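Here's the structure, in structure tokens; my notes come after.
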Amino acid sequence: MTQAPNYDAAAVEAKWQQRWAKDHHAEPDLDRPGRPFYNLMMFPYPSAEGLHVGNMFAFTGADIYGRLKRLQGYDVFEPIGFDAFGIHSENYALSVGTNPAKLIPQNIAMFRRQLKRFGGMFDWRHELSTTDPRYYKWTQWIFLQLFRAGLAFRKKAAVNWCPKDMSVVANEQVINGYCERHPDTKVEQRFLEQWFFAITKYAGRLLENLDRLDWSDSTRTLQRNWIGRSEGAELVFETPGGAKIRVFTTRPDTVFGATYLVLAPEHPLVDALTAQEQRPAVNAYRRDVRAKDIVSRKVGEQVKTGVFLGSYARNPATGDAIPVWIADYVLMEYGTGAIMAVPAHDKRDFEFATAFRLPIRRVVQAEEPLPSVTEEGALTNSGQFDGLPCREAQRKIVAWLEERGLAAPRVQYRLHDWCISRQRYWGPPIPIIYCDRCGPVAVPEQDLPVELPLIEDFRPDASGVSPLARHKEWYFVKCPRCGAQGRRETDVSDTFLDSAWYFLRYPSTEFDDRPWDAARTKTWLPVTTYIGGNEHAVLHLMYSRFVTMALHELGHVHFEEPFPKLRAHGLIIKDGAKMSKSRGNVVIPDAYIEKWGADTFRMYLMFLGPFQAGGDFRDEGITGIRRFLDKVWHLVHEAALLTPGPSPGLPAAIHRKLHQTIRKVTVDTENLDYNTAIAAMMEYVNELRSAECGARSAVDALLVMLAPYAPHFAEELWAVLGHDRSIFHASWPRYDEHLATAGDVEIVVQVNGKVRGRLTVARGATEAQVVELALRDESVQKFVDGKPVKKTVYVQDRLLSLVV
RNA sequence: GCCGGGGUGGCGAAAUCGGUAGACGCAAGGGACUUAAAAUCCCUUGGGGAGCGAUCCCCGUGCAGGUUCGAGUCCUGCCCUCGGCACCA
């Protein structure tokens, strides 16, 4: 008798990874696929620490789905790449004093090795990196398409400036108004000309389309909130000098309670409306506001400050002259940059009015004390509108003012235009040349890419411009239009632009003369299923949708939405907290894979908790998965030895259980409920073992179901069963619905709502039969106690409830 | 403050439509095998109680109510927690 070998994960995995590479296992025919399936996962940022367990959790979940689809007969394209530009890489490079251009390839090499080791079904022919000039050439090209279409424009905007770093810092690097790296240094605002993409033009469509996308609800909700649609009206307050102050409000019904106006300190009308004697105070205030950083200005719960301009405007409803103020709680970038203040019905206006002793006029009746923001009450102090419910008054007041040209209904979005300028080094240069005569001129497409030069000193400096400006032979170029001396744009673009189109590039990576091939794109896009984390629910996913929408409108792609189906996975945390370098709780998978094998570790991660919820990483549970795989290993070896010929039929109970298992694993895997799919397979294996059933036909379907989860393991055992070809050429098992639901059922008998007995009856038994059986049951009798049954409730094949 | 998840054994969790709460796994305890340990296998394991025993009873899904023959699931009001947004008019 031959002794079955023990399961040696390292050997099995090495063997199959080699064979897969040799057989081009993961390389579908991109030009003539039968049933194309584009299985996308969010490409990683290749950090110096390496792939962490959160990445592996996400990729495993996505890979299982791709492998399921493969077994269901699709030609699955599962590409991978690296999002390697950006401030993280640059800051890390600065801290170790090496150019990121040297570090990134090392990091990528490490990631590539780790990604291969865990057994993802990646098509490595189509690997990409956003830092590759062959890639960012087209990132720049996209910028130019948007520029030509008027969707990329320049505007002065505030950035955070750290005087110690002498550098622009990102919002995330500002902590309570102080620089992250210099906790004693306050960050200031500077105003720089920057490039913006007109994403707000698409706000309405980005919002409406959400209704017809098959996305996780959590992600859709995040996007809706981010777009932030508000319905309201624009109202006009005229000044004696004839100026019109436009305000946006969601509560036009409260206009009778508007007792003063507030403009943002940057509002263009401020100078014109400032009275002579108020000038010094107003200018001082505006200077103070500018000295603040952007982040802390927007943090609420602070003491309200502001200055009276010394002038008045007319409330269009009451006709009263009301004072005009400026205050930094009003933001220039939202609405019109001016508000009507209704202190009785807005918390912020109330605080401000209280601080500066401005009049407060209640116009909505309510029990609660002021400020009362309710929309439930009826109007009061509002002339002919008194007594109307708020919502009705909103329409009527706007209509009434509209007749005099003092109001118009308006929809306002919270979404801001996307600032893509970064005064940094590690990104794709924005392909623009400034000419004194011609202004900003697009770099001609044949001159792309504008390569990022390899420079020694890429540290940002006091000038506020990118380090690229110091690289004179790069900086000075001829104007492509008139030939005069011009200067390159020295800002690079946001890393989110790199990732906003990578899925378009994957199928076409081998083409250098076009960003994406029309035929390939037609075949493979839009992406069939996108699986990724909700940390990208707004920025990455919104920007990708916007870029796709714009490219669609410009005729470059045939679809408007890039990701018709998206599923968000959960977050892997450690000891109840997010994994982060600063907390020191980042788990690197390598040691676990080395010890247990990739398959065990993959399954363990999926068994940790629901994929779409995430979970806490605790390694105690790994042994359970390993024990399960060992059991399957031995079971299959026994089956192979015991039944070399045609397999005998299975005992009825096992046969039924098999079909139930196939049903559950099929449904659960499709729904990404991987933890319960694994549990179902475990249950089935337990049953096989206790029934001492070692038939081949009991295990072959099991192996196919296991293949997405533990691909190397399943391949090896498939070969043990004598198959020549990869298990991924097999097809996903089918189940017989009738068989899966055959057999006797246990019916619970309740008396007055409490479980008092259990009956085993044939499936489909009638109520009368079950009632009769139940009343004969000893323990049921005890509780019925001879009393008449007042009511019975029967749930077929499940439960009988008797009320006495 | 606003918007979303979530709260179930010692732990991770499971539970179509309201229908046997705790599947599956970990850990723990007991036993078998072994010179021994590991591995493996078998049994027990929500809390409390009755019985020699097979068994049986009571309580139990964050808290307080409600609807229902029946509530982890639905409704009302709270508490806690995680995530996102946040002076957005």
Side-chain angles (χ1 to χ4, degrees), chain A residues 6 216-222 224-226 228 230 232 247-251 254 258 262 264 297-302 304 327-331 333-342 345-349 351-352 373 412-416 534-535 537-538 568 570-571 573 576-578 604 607-610 612-625 627-628 630-631 634 667 673 675-686 689-690 746-758 779 782 789-804:
Chain A
N6 281 325
S216 298
D217 285 335
S218 57
T219 316
R220 278 201 290 210
T221 303
L222 286 166
R224 277 198 195 99
N225 292 346
W226 186 260
S230 295
V247 306
F248 172 72
T249 178
T250 53
R251 295 295 304 276
T254 62
V262 188
R297 166 160 173 196
K298 291 191 183 179
V299 171
E301 301 156 30
Q302 50 187 356
K304 293 280 180 291
D328 69 350
Y329 81 93
V330 175
L331 308 171
E333 66 268 24
Y334 185 77
T336 60
I339 61 154
M340 66 173 198
V342 185
H345 304 292
D346 181 278
K347 187 166 167 276
R348 294 149 303 172
D349 297 344
E351 285 167 11
F352 191 84
V373 297
Q412 175 68 38
Y413 296 96
R414 204 191 68 96
L415 184 70
H416 291 2
N534 259 343
E535 67 273 21
V538 282
L571 199 64
I573 56 175
K578 227 172 173 169
Y604 164 65
F607 195 57
L608 205 62
Q612 291 176 85
D616 204 334
F617 183 87
R618 312 167 78 254
D619 48 19
E620 285 99 333
I622 295 183
T623 51
I625 296 289
R627 285 204 266 258
F628 167 69
D630 278 331
K631 286 175 194 172
H634 289 112
V667 171
D673 293 329
N675 55 335
T676 49
I678 292 170
M681 290 189 272
M682 288 174 164
E683 232 180 291
Y684 175 62
V685 167
N686 289 344
R689 285 161 51 84
S690 62
E746 192 179 63
I747 291 194
V748 170
V749 183
Q750 295 183 346
V751 180
N752 288 340
K754 294 203 173 196
V755 179
R756 297 302 184 189
R758 294 177 172 85
S779 63
K782 197 166 93 192
V789 176
K790 280 187 274 187
K791 183 178 177 182
T792 63
V793 179
Y794 180 59
V795 182
Q796 183 79 53
D797 298 336
R798 267 187 186 272
L799 168 138
L800 174 70
S801 183
L802 303 173
V803 186
V804 297

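For clarity, every value in this text was computed on a predicted model and none was experimentally measured.
For A:R414, taking side-chain heavy atoms from C-beta onward, the closest of the listed nucleotides B:C85, B:G70, B:C87 is B:C85. Proximity note for A:R627 (side chain, C-beta onward) versus B:A13, B:A27, B:C85: the nearest is B:A27. In this structure, of B:C85, B:U20, B:A23, it is B:U20 that holds the atom nearest to the side chain of A:V755. The nucleotide whose nearest atom lies closest to any side-chain atom of A:Q750 is, among B:C69, B:C26, B:C85, B:C69. The A:A679 side chain lies nearest to B:C24 when the options are B:C69, B:U20, B:C24. Of the candidates B:A23, B:G12, B:G19, the closest approach to any side-chain atom of A:L799 belongs to B:G19. Checking B:A89, B:G4, B:A14 against every side-chain atom of A:T221, the shortest atom distance belongs to B:G4. When the nucleotides B:C3, B:C87, B:A23 are ranked by their closest atom to the side chain of A:Y329, B:C87 comes out on top.
Side chain of A:S216 to main chain of A:A568: a donor-acceptor pair is present (N/O by atom type, distance under 3.5 Å, no hydrogens or angles).
Here CD of A:Q612 is found 10.0 Å from CG of A:N675. Values are rounded to the nearest 0.5 Å. Rounded to the nearest 0.5 Å, atoms CG (A:D797) and CD1 (A:I747) are 6.0 Å apart. Between the CZ atom of A:F628 and the CG atom of A:N686 there is a distance of 8.5 Å, given to the nearest 0.5 Å. Once rounded to the nearest 0.5 Å, the distance linking CE of A:M681 with OG1 of A:T676 reads 9.5 Å. Atom OG1 in A:T250 sits 10.5 Å away from atom CD in A:Q412 (nearest 0.5 Å). With rounding to the nearest 0.5 Å, the separation of CZ in A:R414 from OH in A:Y334 is 9.0 Å.
Residue A:Y413 contributes atom OH, which lies 20 Å from atom C1' of B:A86 at whole-angstrom precision. In this structure, A:I622 atom CD1 and B:G25 atom C1' are separated by 13 Å, rounded to whole Å. Computed from coordinates, the A:K791 NZ to B:G70 P distance equals 9 Å when rounded to whole Å. A:R618 places its CZ atom 12 Å from the C1' atom of B:G25, with the value rounded to the nearest Å. The nearest whole Å value for the distance from the CZ atom in A:R758 to the C1' atom in B:C56 is 13 Å. If you take CZ of A:R689 and P of B:C42, they are 6 Å apart, rounded to a whole angstrom. Separating the CG atom of A:N225 from the P atom of B:C3 is a distance of 9 Å, rounded to the nearest angstrom. One can place CD1 of A:I573 at 8 Å from P of B:G83, the figure rounded to the nearest angstrom.
Comparing the C1' positions of B:U55 and B:G65 gives an interatomic distance of 37 Å, to the nearest angstrom. The same atom, P, is picked in B:U76 and in B:U20; the two are 25 Å apart, to the nearest Å.
Note on A:S230: only backbone sugar-phosphate atoms sit closer than 4.0 angstrom, heavy atoms only; bases stay farther off. As judged by a 4.0 angstrom heavy-atom cut-off over every strand, A:K754 is placed among residues touching the sugar-phosphate backbone only. Within the 4.0 angstrom heavy-atom criterion, no nucleotide atom of any strand lies near A:T336.
With a glycosidic angle no further than 90° from 0, B:C17 counts as syn. Classification of B:G60 as anti follows from a glycosidic angle more than 90° from 0.
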Dot-bracket notation for RNA chain B, counting Watson-Crick and G-U pairs under 3.5 Å, with | for partners on another strand: (((((((..(((......[....))).(((((.......))))).(((((....)))))..(((((..]....))))))))))))....
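A:K304 contributes a side-chain N or O that forms a donor-acceptor pair with the base of B:C87 under 3.5 Å.
Using modelled atom types and a 3.5 Å distance limit, the side chains of A:Y329 and A:D349 yield a donor-acceptor pair.
Of the two residues contacting RNA chain B, namely A:Q412 and A:R756, the nearest-nucleotide position lying further toward the 5' end is that of A:R756.
Comment: A:R627 does not engage A:D630 in a salt bridge, judged by the lack of any side-chain N to carboxylate O separation of less than 4.0 angstrom.
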